[in-house]
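Nothing fancy with the numbering, it's 1 onward along the sequence. Worth saying up front: this structure is predicted, and the values here are computed from it rather than measured.
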Amino acid sequence: MKIQMDRQINIYLLLLALISCLFIYSSSTNFGQYGDAFIVKQITFYCIGFVIMYAVSRLDFEQLKKISWPFYGVIVFLLIALIFAPESIARPINEAKSWYHIKFLGTFQPSEFLKFALLLVVAKLIESHNKKEQVQTYFTDLWLLTKIAIISIPPMLIVYKQPDTGMLMLYMAMLIPMIYFSGIKKQLLAVITIIPTVLISTIIIIYIWFNQFFTDKILTSLSPHQISRINGWLHPFEFSDSAYQTKLGLLAIGSGLLSGKGYLQNNVYVPEKHTDFIFSTIAEETGFIGASIVIVLFFLLLYRMVFHALHAKKQFTFLIAAGIIGLLTFQIFQNIGMTIGLLPVTGVTLPFLSYGGSSLLSNMMLIGLIHAIKMSYSGYMFKNTNELEVQSGAKFPNKKDTRTI
């Protein structure tokens, strides 16, 4: 029996591709800045992306496990090499040294593909740990968390120093659900949840009640670039330079009103409108109605991913799906949030809509994994609880101290 890819996901991706190309063209040509260069490249990236997505979807998960560590090693090597690379091949952009500049091919951002590498190695690590440790204790759970930290923190620190705080946040959004569903004890999960919650709450209280202390002690511990972004977010009218992009983005979105100004009728200049602030173009030209349709389209895409996650037949595939859903959900929320002033500007792109080859190709690879998960269980006409390690809240059968998802 021939197993097909998820047609609904492919339809949603094709619609997002159409929206992306239409509004990248509108964003990049309306002010006479870039001509047709970006739209041609984006169409090319999408064509390559669909091919890569299909190729990844055809890989067996045992093959993915075998290539996970070599792929991780290559990406970490490229991240380290980026530190020492001359500016002739790694020129900083907006004070961030995150890209290799390849002649005739454009730029390549290794940190985007670290998402794929970390996803595979962490999922494989958790699965191997749970199979090896037949008796669950607090020590074994802490040891699992330690191993995850050992393989994830070093490359994340390199990305943070580029600096690329936005990408670091995406890694965390991917790893947190994977850790949560790894099967560690609920008491330990509670501690992991409470500690950052208390820290964030404390910072918020200090900012509200002891603003001077927050400004003099906490804020100054960050880099100048990060301070600028936070000041522009918290005090957009006092720090007009830092909030320049956010204020223009809000102006563009607000001027679209209910139904928008019409296609190619955007007249509010916003820096990087074709990349990080593509949502402002969509809202300006199609208004609240068009922006809402885009959000609904994202919701439907995520819903299909959740559906396949709940039907994943192994812990490895379930963890992969959970990580992808967490990453894309946060990325969509962060990008739209920063364009409307709800969140600070971090340079996080809007998945499948913003211009960018590395971002688009890495996300298409992740969607390829979702297709692979769908095809891994679709061929089973008869299932029972002994066949499935994880499915819709099923328990791990190989643990003496039963873990639940």
Side-chain angles (χ1 to χ4, degrees), residues 61 64-65 68 72 114-153 156 169-197 301-333 366-367 369-374 376-377 383 385-405:
F61 281 104
L64 285 168
K65 290 178 185 179
S68 60
Y72 170 85
L114 183 61
K115 297 183 297 188
F116 188 84
L118 274 179
L119 183 74
L120 292 180
V121 295
V122 171
K124 181 180 178 181
L125 176 66
I126 293 172
E127 184 190 53
S128 300
H129 175 89
N130 287 336
K131 287 181 178 179
K132 181 180 179 181
E133 302 293 343
Q134 291 296 312
V135 179
Q136 180 190 9
T137 64
Y138 285 110
F139 175 80
T140 59
D141 287 347
L142 287 171
W143 177 229
L144 173 60
L145 292 175
T146 302
K147 289 190 287 187
I148 293 174
I150 289 172
I151 65 172
S152 60
I153 290 179
M156 287 168 65
M169 294 165 65
L170 293 184
Y171 299 148
M172 294 300 296
M174 180 182 72
L175 292 175
I176 287 172
M178 297 179 75
I179 292 172
Y180 181 82
F181 291 116
S182 64
I184 65 177
K185 288 180 177 293
K186 293 180 179 179
Q187 297 88 336
L188 194 56
L189 279 176
V191 173
I192 295 172
T193 305
I194 290 171
I195 291 176
T197 302
L301 178 64
L302 291 170
Y303 169 78
R304 290 302 297 174
M305 294 183 189
V306 172
F307 176 83
H308 294 310
L310 295 177
H311 287 77
K313 66 190 185 71
K314 291 184 179 295
Q315 185 185 25
F316 179 75
T317 54
F318 179 84
L319 290 171
I320 285 176
I324 295 172
I325 294 166
L327 186 152
L328 292 179
T329 301
F330 176 82
Q331 189 171 357
I332 293 165
F333 179 78
L366 297 180
I367 298 298
L369 291 176
I370 297 294
H371 282 303
I373 292 171
K374 185 261 184 186
S376 71
Y377 73 80
K383 303 176 183 177
T385 54
N386 293 325
E387 290 174 332
L388 306 184
E389 293 183 25
V390 178
Q391 182 176 359
S392 304
K395 297 180 178 180
F396 295 100
N398 63 327
K399 291 290 178 185
K400 294 182 181 179
D401 187 349
T402 305
R403 307 180 182 191
T404 59
I405 289 181

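Between Leu119 atom CG and Leu366 atom CG the span is 6.5 Å, to the nearest 0.5 Å. Taking NZ from Lys124 and CD1 from Ile126, the interatomic distance works out to 13.5 Å, rounded to the nearest 0.5 Å. Rounding to the nearest 0.5 angstrom, the gap separating the OG atom in Ser182 from the CG atom in Leu175 is 11.0 Å. The CD1 atom of Ile367 lies 7.0 Å from the CD1 atom of Ile324; values are rounded to the nearest 0.5 Å. To the nearest 0.5 Å, atom OG1 of residue Thr137 and atom CH2 of residue Trp143 are 13.0 Å apart. In this structure, Leu328 CG and Met305 CE are separated by 5.0 Å, a value rounded to the nearest 0.5 Å.
When side chains are defined from C-beta on, Val122 does not count as touching Leu319, because their heavy atoms never get closer than 4.5 Å.
With sequence neighbours excluded, the residues satisfying side-chain contact (heavy atoms from CB on, under 4.5 Å) with Ile153 are Ala149, Leu157. Scanning for side-chain contact (heavy atoms from CB on, under 4.5 Å) contacts around Ala321 gives Ala309, Ile370, Ile373, with sequence neighbours left out. Scanning for side chain to side chain donor-acceptor pair (under 3.5 Å) contacts around Lys65 gives Glu62, Glu127, with sequence neighbours left out. Residues satisfying the side-chain contact (heavy atoms from CB on, under 4.5 Å) test with Thr329, not counting sequence neighbours, are Leu302, Ile325. The ring pair (Phe, Tyr, Trp, His ring centres under 6.0 Å) search around Tyr72 returns Trp69, not counting sequence neighbours. By the side-chain contact (heavy atoms from CB on, under 4.5 Å) test, Tyr303 is found to be paired with no residue, residues two or more places apart in sequence or in another chain being considered.
Put simply, the residue from Met174, Met172, Met178 that forms a side chain to side chain contact (heavy atoms under 4.5 Å, CB included) with Leu327 is Met174.
A donor-acceptor contact shorter than 3.5 Å links the side chain of Gln136 to the backbone of Gly183.
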Query raised in the report: Can you list the steps and then say if Val135 with Thr140 is a side chain to side chain contact (heavy atoms under 4.5 Å, CB included)?
Result: CA-CA 8 Å; Val135 179; Thr140 59; over 6 Å; no
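The two residues Pro177 and Gly326 have their closest heavy-atom pair at CG-CA, 4.2 Å. Ala322 and Phe181 get closest at one heavy-atom pair: CB-CD1, 4.0 Å. Considering all non-hydrogen atoms of both residues, Ile320 and Ala123 come closest at CG1-CB, 3.9 Å. Among all heavy-atom pairs drawn from Leu369 and Leu64, the shortest one is CD2-CD1, 3.5 Å. Closest approach of Lys185 and Asp141 over heavy atoms only: N-OD2, 2.9 Å.
Around CZ of Phe333, the count of heavy atoms belonging to other residues, nucleotides or ligands within 6.0 Å does not exceed 12.
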